[in-house]
Amino acid sequence: MAHQHKYDANGKQLCCTLEEKINAKSAKSSGCCSTQDEQKHSDDDGHDHEHNADQSTLRMFLPAIISFVLLIIGIALDNYFPQDWFTKYVRLGWYIAAYLPVGIPVLKEAFESIIEGEVFSEFLLMCIATIGAFAIGEYPEGVAVMLFYTIGEVFQTLAVSRAKSNIKSLLDQRPDEVNILNDNSVETVKASEVSIGSVIQLKSGEKLGLDGELLSDMASFNTAALTGESKPDTKVKGETVLAGMINGNTIAQVKVTTAYNGSKLSKILEMVQNATTQKAPTELFIRKFAKIYTPTVVFLAVAICLLPYFFVDNYDFNDWLYRALVFLVISCPCALVISIPLGYFGGIGAASKNGILFKGSNFLDSISNIQNVVMDKTGTMTEGVFKVQDVVISDKFNKEEILKMVNALESQSTHPVATAIHDHVGEVDPSIVLAKVEEISGHGLKAEINGKELHVGNFKLMDKFSIKYDIDPNSIVYTLIAIAYDKKFAGYLTIADSIKEDAQLTIDKLKSMGVKTTMLSGDKTNVVQFVADKLGIVNAFGDLLPEDKVNKVNEIKAKNETVAFVGDGVNDAPVVALSTVGIAMGGLGSDATIETADVVIQDDRPSKIPMAINIGKQTRKIVWQNIILAFVVKAFVLILGAGGLATMWEAVFADVGVALLAILNAVRIQKMKF
């Protein structure tokens with residue numbers, strides 16, 4: 001459909017074109033007349049906003065209503081209640097009056113498009129067709145074409161608004177101001193000016209403006225806007241809370257740990273706002289197709305009107321001009337130009353409503369064709385929350401001293417294993433001085449304490465430094481943390497992680513969709529195999545370094561199969577980037593992995609993996625339904641029109657009718673249950 005000016009909830013004209021709206025640009029950045037601040041102000045009015053929205057809808061339909069009433073009266077005076085005065089110039093003037101409310105905006109857009117160098121637009125097609133209908137005396141049909149075209153525009157605007165609503169609710173989650181505790185008094189300041197270390201005081205029902213650490217003993221938060229999960233999430237002192245979360249029934253205090261622009265919500269908003277700039281191949285093709293298609297249609301219409309003069313004995317200019325005008329109306333590419341990006345936008349909106357963020361519509365296409373899902377174990381299929389089960393230290397060493405040194409070294413890491421050790425041992429002993437701390441990727445940590453080397457990591461770390469040990473790591477079905485001090489094996493810790501409650505459902509759904517599953521992990525093989533067997537994953541590999549994961553994914557891609565890799569750790573970033581579609585767990589996931597990924601799952605639930613694939617499949621299905629519907633109906637009526645068997649009324653259905661059907665089909669995805 002067209003790129004006519006639209007109105008916001010207050011009836012103010014927006015300067016955004018439909019393309020800008022579909023691209024979900026913020027009003028401020030795209031130069032719209034109605035800014036986000038103005039819209040937000042109207043949102044604060046509660047019931048007034050709903051009233052204004054109703055008024056806006058009525059205002060959008062008002063020109064069409066006026067034209068429709070005048071058209072119906074005109075048709076009645078023509079056919080059912082003929083009047084002597086309703087002839088010639090009076091009749092022409094009446095239909096011009098019916099035409100102008102809906103015709104002026106399109107005529108204006110056609111003129112502006114020509115000035116900007118875009119001569120062959122759908123606006124021009126509509127103008128030529130309707131003015132041509134007036135030229136040959138088909139006044140009612142000329143009005144009807146423009147009237148139904150405008151009605152289609154209004155429904156299109158409402159459809160775009162509905163498609164944007166899920167994402168708009170996310171964009172509204174970050175408050176502009178926060179309450180800061182300052183010398184036992186509360187001060188309201190702009191969220192963008194708050195410094196790290198400041199303490200925010202959250203009232204009941206208030207939204208958090210920045211990421212931070214909970215200082216209160218306990219608080220319950222509504223995280224639906226970030227994760228799609230309606231169940232409140234209870235946090236305890238010291239846990240991370242994110243911007244956009246809504247505080248429950250108690251006053252809570254949060255220490256700011258991340259700057260305003262660095263918060264996870266800021267990154268999410270940036271992802272969402274840029275999502276539709278990454279176009280799917282189908283969208284890109286339709287765009288290029290429309291640029292060639294529209295001028296071709298104009299030249300064909302001219303040919304239909306003029307060429308028969310040389311080949312038909314009883315050539316009637318008006319008859320062939322009418323056929324050419326019918327051809328123009330039928331040929332308008334509205335259904336394709338709008339319903340396809342609207343379908344993808346609806347898919348992105350439906351996904352974000354469920355806590356899944358696609359960074360572009362091209363990834364909706366890609367994920368719909370996924371044949372393999374390769375996943376990390378820790379933090380993806382398991383909770384990633386470890387607890388120390390057993391501590392086995394050789395009698396040759398002081399158990400308490402070894403644990404203190406291990407705790408001090410692990411404090412240099414953000415890995416969940418380090419957290420488990422810290423929780424088990426307690427606060428770090430400040431008397432322990434670490435030197436030459438080094439993280440060995442895929443192995444563990446090493447440092448010097450009192451001039452002696454301390455190694456903490458997996459048993460590959462022991463092998464790497466030729467440290468002999470007297471146990472078989474494969475005999476223990478737990479995650480093992482080996483410890484060596486002064487190049488002597490000191491013992492090990494066993495750490496357990498629990499499988500996520502929806503992990504089994506995830507694998508079952510992927511299997512039912514015909515998707516193969518593989519588990520890759522740096523954890524030891526028997527632990528990985530134990531989890532894989534429990535979930536029914538056939539292919540599982542452990543003891544892998546980051547480069548080993550890359551090699552495994554390359555092996556699958558070498559078979560010309562598509563791969564989605566799901567991970568959460570920093571060491572997953574390379575393989576996420578390599579895969580056909582990279583999926584990151586956005587809750588526990590590292591920033592590097594989230595930034596590299598194409599799809600982000602906000603609540604870390606693996607069941608969102610098959611949901612994301614399903615959303616991609618449904619979006620693609622709807623897009624192709626619209627393409628086939630538009631081409632089949634238009635081709636059929638085009639043939640009838642060229643042969644003189646179709647009137648302007650059939651042309652209206654082939655254009656506006658098909659466009660409306662396509663739009664209604666496109667918005668279906670937002671109501672689907674996944």
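Contact record, S413 with L445: CB-CD1, 4.0 Å, taken as the closest heavy-atom pair. In terms of heavy-atom proximity, F358 sits nearest to A612 at CZ-O, 3.8 Å.
Within 6.0 Å of CD in E239 there are more than 12 heavy atoms belonging to other residues, nucleotides or ligands. Around the CE atom of M218, the shell of radius 6.0 Å holds no more than 12 heavy atoms that belong to other residues, nucleotides or ligands. When the shell of 6.0 Å around CD of E438 is examined, it contains more than 12 heavy atoms from other residues, nucleotides or ligands. Residue N450 places its CG atom among 12 or fewer non-hydrogen atoms of other residues, nucleotides or ligands, all under 6.0 Å distant.
Applying the side chain to side chain contact (heavy atoms under 4.5 Å, CB included) test to E206 and every residue at least two apart in sequence or in another chain returns N179, L202, K203. Shown here are the side chain to side chain contact (heavy atoms under 4.5 Å, CB included) partners of E193, two or more places apart in sequence or in another chain: K190. L578 is linked by a side chain to side chain contact (heavy atoms under 4.5 Å, CB included) to V550, V553, N554, K557, counting only residues two or more places apart in sequence or in another chain. Every residue meeting the side chain to side chain donor-acceptor pair (under 3.5 Å) condition with S198, not counting sequence neighbours, appears here in chain and number order: S195. Taking A532 as the reference, Q529, I537, A540 meet the side chain to side chain contact (heavy atoms under 4.5 Å, CB included) condition, with sequence neighbours excluded. In this view, F397 satisfies the ring pair (Phe, Tyr, Trp, His ring centres under 6.0 Å) rule with no residue, not counting sequence neighbours. Residues forming a salt bridge (Lys or Arg N to Asp or Glu O under 4.0 Å) with D502 (at least two apart in sequence, or on another chain): R605. Considering only residues two or more places apart in sequence or on other chains, K387 meets the salt bridge (Lys or Arg N to Asp or Glu O under 4.0 Å) condition with none of them. Listed by chain and residue number, K404 satisfy the salt bridge (Lys or Arg N to Asp or Glu O under 4.0 Å) test with D429 (two or more places apart in sequence, or in another chain). The salt bridge (Lys or Arg N to Asp or Glu O under 4.0 Å) test applied to D508 returns no partner, not counting sequence neighbours.
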Quiz: residues 453-462 side-chain donor-acceptor pairs under 3.5 angstrom, not counting sequence neighbours:
from	atom 1	to	atom 2	distance (Å)
N458	OD1	K460	N	3.2
N458	OD1	L461	N	3.1
N458	ND2	G442	O	3.0
K460	NZ	D543	O	3.1

Atom pairs and distances, side-chain donor-acceptor, residues 488-495, under 3.5 Å, sequence neighbours left out:
from	atom 1	to	atom 2	distance (Å)
T494	OG1	D390	N	2.8
T494	OG1	D390	OD2	3.3

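Using a 4.5 Å heavy-atom cutoff, the side chains of V194 and V178 are in contact. Here the side chains of L242 and L208 are not in contact, with every heavy-atom distance at 4.5 Å or above.
D598 places a side-chain N or O within 3.5 Å of a backbone atom of G582 that can act as its donor or acceptor partner.
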*After noting the C-alpha distance and the side-chain angles of K500 and E383, does the key distance pass the salt bridge (Lys or Arg N to Asp or Glu O under 4.0 Å) rule?*
CA-CA 5 Å; K500 291 183 178 179; E383 295 289 352; 5.6 Å; no
